[in-house]
Amino acid sequence: MIRKTINKELKELFRDGRVRTSLLIVLLLLGIAVWISSQQYQKTNADYAAAKVSEREVWDNQGEKNPHSAAHYGTYAFKPKYPLSLVDQGVDKYVGTSIFLEAHKRNEAQFSAATDQTGLARFGDLTPDFILLFIIPLLIVLLGYNAFTKERELGTHALIKSSGAKGWKIVLGKWTALFLPVLTITVVLLLLAGLVLSNLQDYGVFQWNSLLVLGLVYLLYYAVFTNLVLWVSQWTKRSGISLVISLSLWIIACLAAPKAASNIAEARHPYPTRQEFAANVLKDKDAGIDGHNPWSKEAKLLEEQVLAEYEVDSLQQLPFNFSAYLAQKGEEHEAEVYFKHYNYLKEQYENQSGTYRSLALLSPFLPARFLSMAIAQTDYATHWDFSDAAENYRIATQEFLNNNTAQNTRYGEIGYKATAAFWQELPPFDYNPPELGQILKNNRSNFGILGLWAVFSFGLLFFTTKKNNDVTI
Amino acid sequence: MLRYNFKYESILLFRSKWIQVLIGILIMLFGFATYNGQQKTQKRKADIEKVTAEIRTSDQNMLKLLDSVEHGLTVTARPWTIPNTPMAVGNYHPRVASKPPSELSFLATGQSDMFTHFVKPTVRGDDLALNFSEMTSPVQLLFGSFDLAFVIIFLLPLLIIAFSYDVLSSERESGSLRLLAAQPILLYKWLMQKLALRFFWLAAITTATVLLVFLANQVPVSNNFSAILSFLGISLTYVLFWFALAFAVNLWAESSAKNAVALLGLWVVFVLLIPSILNQLGSTLYPIPSRALMVNEMRTIKAEATERQDVILDNYLRNHPEYAVNDTTQERSFWHSYMASQNLIKKELEPVLSKYENQLQKQQQLLDHFTWLSPAILVQRSMNQLADNGSESYEGYRNRVIVFAGEWRDHFLPMLYNNQAFSSEDYGQLPEFTYTPINNQSQSSVLVILLCSGLVVLGVGALRFYVSSDEKHSII
C-alpha cells in the first residue's frame, strides 16, 4: 500500500504542470547560484593568495629597522574562504576579511563585503543557501499542501478508507512521495557542489564528510517541513485553508522568527558601540603599564621588582635592555585588556545565541541556519576563531620583536636597528579552521533542537493519524 | 449592483472574521515593528548624547589644564597630552561628528545597523583610519531587522495573496459563478468590485492601525505629517499593486490552487529574486576590487612616504612659504614631518580609494535603471529615504565627515608649522560638525511608477476578458 501510494502521488505530481515548472525553476536557480558562487569563490581565493604573498614580501623587505618601528608598521592577517562557502555563504559577507596586526592594539577585521555594496545587498543574494533554506521549504509547501485535502475535495478519501488501508501507511506513502523530489534536488545540488570543489585545485581542504553532514542537516530540516505541511493538510478541510496555514508556518519560521530573534537578542544583550568599546579599552589600558611611558607609577613598580629580582642597583646592570622588557610587559598588559573586552563581546554573543536557541522552538529554520553555516565554516564562531588566532599571532610577533631588542641592546641605547635579514625569521601566520568533529561538538544544542523538531513533527504527523481518520468526510 | 456587492461582501467579510483577523494581525505586526524601531532609535540617540556629554566634560578638563599651564603652574598630565600644543588638542580632544536619527528613523532600519552613528576624527591617521562600520554581531546583519519596511514589503503582499487568491475561483469551484453569470454585470467588473472592496478595507485598516501604533509609540506625527503621508501613500500604492496582480491572476488562472502557486511565484520573483539578481548583476558587471590587494597598495604608498619624510617636509615648506615667514623658532618635531607626509599620502591614496567609490556608484546607477522591475525595491528605497537610513544617506554622512576631518586637520596645521601654542582663546574657534540630512528625493515619482505598474497589471488582467470571448477559453 505504501508503494502504491508513493507511485500514485508521484505520478500525480509530475502530471501537474505547476509542479514540473516549479521544480525546473528551482533546479535552474540552483545551477545559476552554484555557478556564480564558484566564480566568486575562485576569485576571492586568488586575491587572498596574492595579498598574502605580497604582504609577506612587504614585511620581509623592510630593510634595517628598529624592531619596535616594525611592530608599529605591522602586518596583515587575511582570512581565506573555505570550500563549503560555495554552498553556504553564512555571515561571510558581513565580517571583515583582513586584520591589521600592530603593536599595542588588537584591531578588528576590516572591509566586509556588505559595506562595499548597495543597499540592495540586504535583500539577500542568489546563493545556494538562499535556495536551500528559503525556496525549497516553500516548494514543499506548494507541493504538499493539498496532499490530503484533495482526497477529501475529490471524494476519494472515502474510497481509500474503504480499501482497508492503514492510516499510517497512506501517510507514509504520501510523505515519501513528497520527500523524494526534495531529496533528489538536495542530493543533486550537493553532488554538484562536491564535484566542483574536488576539481578546484590548491584551495582549502575539501572534505566529503562535511558535505555529507551538511546534506543530512538539510534533509532533517526538509523532513520537519514535510511533516508539518502534511499534518496541516490532514487536519484542514479545504486546500485553500491548508495552503494559508502552511504558508503562515513558512513565513513565521523562515522570515519573521529570524528577524524578530535578531531584534530581541540585540535589545536584551546589546554590543557596545565601536566608540564605547574603544573608550573602555583605553581606560583599562591606562590603568596598567604603557610601554612608551617609563615614568608612570606602574612602570616604576616594575622597575623596582626587576631590580630586586636580579639583585642589582641600576637598570644598566641588567643582562637585557629594560626598555624593551618594559615594552614587552606593556604589550602583555594591553593584550590582557583586549582579551577581557573581546571576551565580553563573546559573552554577549553567547547570550544572544541563547535567545536564538530559545526562539528556535518557534522556527526550525534557526537551528538549520546555524548548523549549515557552522559546517560550511562561514559562521560567526569560525570568524571568532580566526580573529583569536590572528591575535595570538600578533602577541607572539610582539614578543619576537621585543626580545630581539632586549637581547641586542643595552639600557639607554637608542637608534638600534635589526638587520635586513632578521624579518624573515618571523614564522608566517598559518591558520587552520576548526575540524568537523569540533564544529559538531560546539553545535550540539542546535542539533538537539533540530532533532527535537524532527521527533516532534514526526510524532504529530503519525500519532494524530488515527483520530483524523475518524473525522467524517 | 455596486451597492449590493459592497454591502453584502462587507457583511460576508465581517462574518467570515476576515476583517477581525486582519485587524489583529496588523496591530501585532505594526506594533512589534514600530516598537523595535523606536527602541533602536532611542538607543542611538542615547549613545550620541552620552558621547557628546563626555566630550563636554573632557573639554572642561582641557580648559582647566590650559588655564593652569597659562598661569605657569605645573600639571600632572602625560607630557604629550597637555593641550597647549595644537597636535595634543587635535588628537586628544576631537569633536563628535554624529548622525542623529531622524524622527522617522524607525520606519526602516536600512543600513543603520551596519554603520556607526558617530566618529571622532583626529589629526593623526588618514581617512581610511575612520572606521564607519558599527560593532554588530554579523548574525544580526544577516537576519536583518523586523521593521515596518519589512512588514510592508514582505508580509503585506502575502496577506493580500492569502485573502484574495481564490476570490473568483472559489465561486467557480462552489458552483455559484454560474448563478452570478445570470446577473447583469460584467464578470471582470464584478471581480474588480470585490477586490476593490478588499483593498478598501485593507487600506482603511492599515491606515488606522499605523496611526494608532504611531501614537502608542510616541511618534511625533504632527511634526512629520507630510512624511507620514508619503509613507502611507507609498504603502497603499504598493498594496494596490498586489491587488492588481491578484485581479489579473484571478482572471487568467483557473483553479484556486493554480492562482495560489502563481501569486506566490510572483511574490518570490518580485520580493526575493529580482533584488538578489540585480544585486548579483551589479557586483558581476562592476566588481569591487579586492580590499586585500588595496591593503598592499596602501602599505607601499605609506612605506615610501615614511622613507622620504624629510624630503617631503622640505618640499611641503617650500610650497607653503607663509609658515617659514611667520615662525621664528624654526623648530621641527615628529609632527611636522608626519603631517606633511600625511598630506602626500592622502593625495596618493585618492586614486586607490576612488576606484571603490566609482565601482559602487556604477552599481548604484545600474540599479537606478532597473528599480522599476520590482516594486519591492522601489518601496524599500523610499522607506529608507524617509527614515534617512539608506545607502545614499550614509554615503552623504561619510563624505561630510571626511570633509570635516580635513577641516579639523587644516585648522591645526598653521598653528603647528608656525610653532604656535594652543591657548584657551583658540578654544572657541574649533570647527564643529553639523549633520544635515541629504535632500530626500521626491517620493511622487515612486508613487507614479507604482501606480503605472499597477495599471499595466490591471490591463493585462482585463485583456483576459476579451480573449475569453470564445467558448473554449471561457472564464466561467
Side-chain angles (χ1 to χ4, degrees), chain A residues 18 22 36 47-48 50-51 54-55 58 76 78 91 94-95 97-98 108 110-112 114-126 130 134-135 138 142 146 239-240 243-244 247 251 255-256 258-263 265-267 270-277 293 349 352 380 383, chain B residues 36 39 43 47 51 78 110-111 114 116 118 120 131 133-146 150 154-155 158 162 166 170 256-258 260-261 264 268 272 275-280 282-283 288 290-293 295-296 299-300 303 356 360 363-364 367 377 381 384 390-391:
Chain A
R18 77 194 145 107
S22 358
I36 293 175
D47 288 345
Y48 160 76
S54 149
E55 175 57 32
V58 170
Y76 272 84
F78 295 108
V91 299
Y94 298 104
V95 291
T97 48
S98 53
E108 254 206 289
Q110 269 182 305
F111 306 126
S112 72
T115 51
D116 270 338
Q117 282 177 319
T118 60
L120 207 55
R122 304 301 294 276
F123 270 101
D125 290 310
L126 186 58
F130 165 69
F134 290 93
I135 302 296
L138 186 63
L142 290 183
N146 62 356
S239 295
L243 177 67
V244 171
L247 194 63
I251 296 170
L255 293 179
K259 283 183 192 276
S262 124
N263 278 83
E266 196 200 0
Y271 270 25
T273 60
R274 182 174 297 288
Q275 310 284 343
E276 231 172 27
F277 184 80
N293 187 359
Y349 180 64
Q352 291 187 352
Y380 197 21
H383 183 72
Chain B
N36 272 334
Q39 258 193 337
K43 177 164 187 297
D47 285 342
V51 71
R78 280 173 295 180
Q111 304 282 67
M114 201 154 72
T116 186
F118 60 95
K120 295 185 273 187
N131 194 341
S133 62
E134 185 50 284
M135 204 165 231
T136 336
S137 138
V139 177
Q140 260 171 45
L141 297 179
L142 177 71
F143 287 166
S145 237
F146 199 107
F150 164 70
F154 285 77
L155 300 186
L158 287 172
D166 62 348
S170 70
S256 300
K258 276 189 183 161
V261 174
L264 281 179
V268 170
L272 299 178
S276 62
I277 288 173
L278 273 184
N279 182 36
Q280 210 88 56
S283 48
I288 300 285
S290 155
R291 285 283 188 183
L293 297 178
V295 164
N296 292 152
R299 306 266 290 161
T300 322
Y356 293 84
L360 199 61
Q363 286 190 8
Q364 194 66 55
L367 269 185
I377 304 178
R381 287 187 72 184
N384 281 346
S391 300

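Order of the sequence lines sets the chain letters (A, B, ...), proteins ahead of strands, with each chain counted from 1. What you see is a predicted model; the values in this text were computed from it and never measured.
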[atom2] on [Y] to [atom1] on [X], rounded to 0.5 Å:
{"X": "B:F143", "Y": "B:S137", "atom1": "CZ", "atom2": "OG", "result": "9.0 Å"}
{"X": "A:F134", "Y": "B:L272", "atom1": "CZ", "atom2": "CG", "result": "8.0 Å"}
{"X": "A:F123", "Y": "A:F130", "atom1": "CZ", "atom2": "CZ", "result": "11.0 Å"}

Is it the backbone or the side chain of [X] that comes under 4.5 Å from a heavy atom of chain A, or both, or neither?
{"X": "B:S391", "answer": "side chain"}
{"X": "B:Q140", "answer": "both"}
{"X": "B:Q280", "answer": "side chain"}
{"X": "B:L142", "answer": "both"}
{"X": "B:V51", "answer": "neither"}
{"X": "B:K120", "answer": "both"}

For chain B, the option from [options] that forms the most heavy-atom pairs under 4.5 Å:
{"options": "A:S98, A:A265, A:A260", "value": "A:A260"}
{"options": "A:I251, A:V244, A:T273", "value": "A:T273"}
{"options": "A:I135, A:D47, A:N146", "value": "A:D47"}
{"options": "A:T115, A:V58, A:I36, A:L243", "value": "A:T115"}
{"options": "A:R122, A:Q352, A:E276", "value": "A:R122"}

Residue part contacting chain B, namely of [X], when any heavy atom lies under 4.5 Å:
{"X": "A:L247", "value": "side chain"}
{"X": "A:R274", "value": "both"}
{"X": "A:T97", "value": "neither"}
{"X": "A:Y48", "value": "neither"}
{"X": "A:A261", "value": "neither"}

Where [X] and [Y] come nearest, the two heavy atoms and their spacing:
{"X": "B:E134", "Y": "B:T116", "answer": "OE2-OG1, 3.6 Å"}
{"X": "A:P270", "Y": "B:K43", "answer": "CB-CE, 4.0 Å"}
{"X": "B:Q39", "Y": "A:A267", "answer": "OE1-CB, 3.7 Å"}

Could you check whether the rings of A:Y380 and A:H383 sit parallel, tilted or perpendicular, using 30° and 60° as the cut-offs?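 Plane angle under 30°, so parallel.
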* Anything under 30° is parallel, anything over 60° is perpendicular, the rest tilted; go ahead and classify B:F154 against B:F150. => tilted
| task | Take B:L367 and B:L278 through the side-chain contact (heavy atoms from CB on, under 4.5 Å) test and state the conclusion after the steps. | result | CA-CA 7 Å; B:L367 269 185; B:L278 273 184; 4.1 Å; yes
Name the option with the most non-hydrogen atom pairs under 4.5 Å to chain A; the candidates are [options].
{"options": "B:L264, B:V139, B:T136", "answer": "B:V139"}
{"options": "B:N36, B:V268, B:L158, B:N384", "answer": "B:N36"}
{"options": "B:L360, B:I277, B:N279", "answer": "B:N279"}

Give a yes or no answer on whether the side chain of A:N263 reaches the backbone of B:F146 with a donor-acceptor pair at less than 3.5 Å.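 Side chain of A:N263 to backbone of B:F146: a pair is present.
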Exercise. Checking A:S262 side chain against B:G144 main chain: does a donor-acceptor pair fall under 3.5 Å?
Worked result: yes
Sorted by chain and number, sequence neighbours left out, side chain to side chain contact (heavy atoms under 4.5 Å, CB included) with B:V261 holds for A:R18, A:L142
